[in-house]
Amino acid sequence: PRGRLDFACEQDSEEGNLVCETMVDSDYASDPEPRRSCSGRVVSVIGKHGTRFVINFSSRMQKLTSLSTAEAEIFACRDGLKEALSIRPLLEKLYGKRIQFAFCSDSQAGIRAIHNGRSANMNHASKAYQISLKWLKEQCRDELVYVPSAANIADPQTKALPMGPT
């Protein structure tokens, strides 16, 4: 039996294209002990008529301590883009043609730094961070867009769940 994704691909292939959309977000130093930030991402396939299928999502603590909100967002963008780039060829193989790509973040400062390939406010940044900015600029080009926080479906991935009684 065919799954829902197969059916959506077949329906949309007659009239339009699929979009592989990745939304990323991070909090800033929310973990009280190591003060590390949390990254969240949601990778979806969106059909011509707006049908959305989430194909991957994750939330994880960042490996490095960020010195600013923008830096935390850039680390989230880097990890999210690596995930999206690994999924895209599989989708293109399944669909049989090139998939449109959209990459969304709610960090205007992070997006600006990526588009510029550098950030004047982050001269303190490590070589690895600066290389990440250059790589993101090369990979994203015009595909990185701003999405308001209220519309960013990756936002809940960065929130802690309340703990119940122990």
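- Residues Tyr95 and Ile87 share a hydrophobic cluster, clusters being chains of Ile/Leu/Val/Met/Phe/Trp/Tyr side chains in contact below 4.5 Å.
- Other residues, nucleotides and ligands contribute only 12 or fewer heavy atoms inside 6.0 Å of the CZ atom of Arg60.
- Here the side chain of Asp27 pairs a donor or acceptor atom with the backbone of Cys38 at under 3.5 angstrom.
- Separation of atoms SG (Cys20) and CD (Glu143) is listed at 10.5 Å; rounding is to 0.5 Å.
- Residue Ser39 is tested with Glu73, Gln62, Arg78 for a side chain to side chain donor-acceptor pair (under 3.5 Å); the sole match is Gln62.
- Val45 and Val42 fall into different hydrophobic clusters, where Ile, Leu, Val, Met, Phe, Trp and Tyr residues are linked whenever their side-chain heavy atoms come under 4.5 Å apart, directly or through other members.
- Phe101 and Val24 fall within the same hydrophobic cluster, defined by Ile, Leu, Val, Met, Phe, Trp and Tyr side-chain heavy atoms under 4.5 Å apart, directly or through other members.
- Here the OG-CG distance, from Ser58 to Asp79, works out to 8.5 Å after rounding to the nearest 0.5 Å.
- Hydrophobic cluster membership differs between Leu90 and Phe57, with clusters built from Ile, Leu, Val, Met, Phe, Trp and Tyr side chains linked at under 4.5 angstrom.
- Salt-bridge check for Glu92 with Lys97: failed, with every basic side-chain N at 4.0 Å or more from each acidic carboxylate O.
- Between the side chain of Asp25 and the main chain of Asp106, no donor-acceptor pair closer than 3.5 Å is present.
- How far NZ of Lys82 is from CD of Gln139: 11.5 Å, rounded to the nearest 0.5 Å.
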For a side chain to side chain contact (heavy atoms under 4.5 Å, CB included) check, start with the C-alpha distance between Arg41 and Met23, then their side-chain angles and the critical distance, and finish with the verdict.
CA-CA 6 Å; Arg41 66 177 169 259; Met23 289 197 178; over 6 Å; no
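- Between the CD1 atom of Ile131 and the CG atom of Leu136 there is a distance of 12.0 Å, given to the nearest 0.5 Å.
- Shown here for Ile99 and Arg88, the closest heavy-atom pair between the two residues is O-NH2, 3.2 Å.
- We find the CH2-CG distance between Trp135 and Leu81 to be 4.0 Å, quoted to the nearest 0.5 Å.
- To the nearest 0.5 angstrom, Cys77 atom SG is 4.5 Å from Phe103 atom CZ.
- There is a path of hydrophobic side-chain contacts, each under 4.5 Å, that joins Tyr146 to Leu144.
- Using modelled atom types, one side-chain atom of Ser105 and one backbone atom of Ser107 make a donor-acceptor pair closer than 3.5 Å.
- For the pair Ile114 and Lys137, the tightest heavy-atom approach, listed with the atom from each and the gap, is O-CB, 3.2 Å.
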Before giving the answer on side chain to side chain contact (heavy atoms under 4.5 Å, CB included), spell out for Leu18 and Gln100 the whole-Å C-alpha distance, their side-chain angles and the decisive distance to 0.1 Å.
CA-CA 6 Å; Leu18 293 177; Gln100 186 180 347; over 6 Å; no
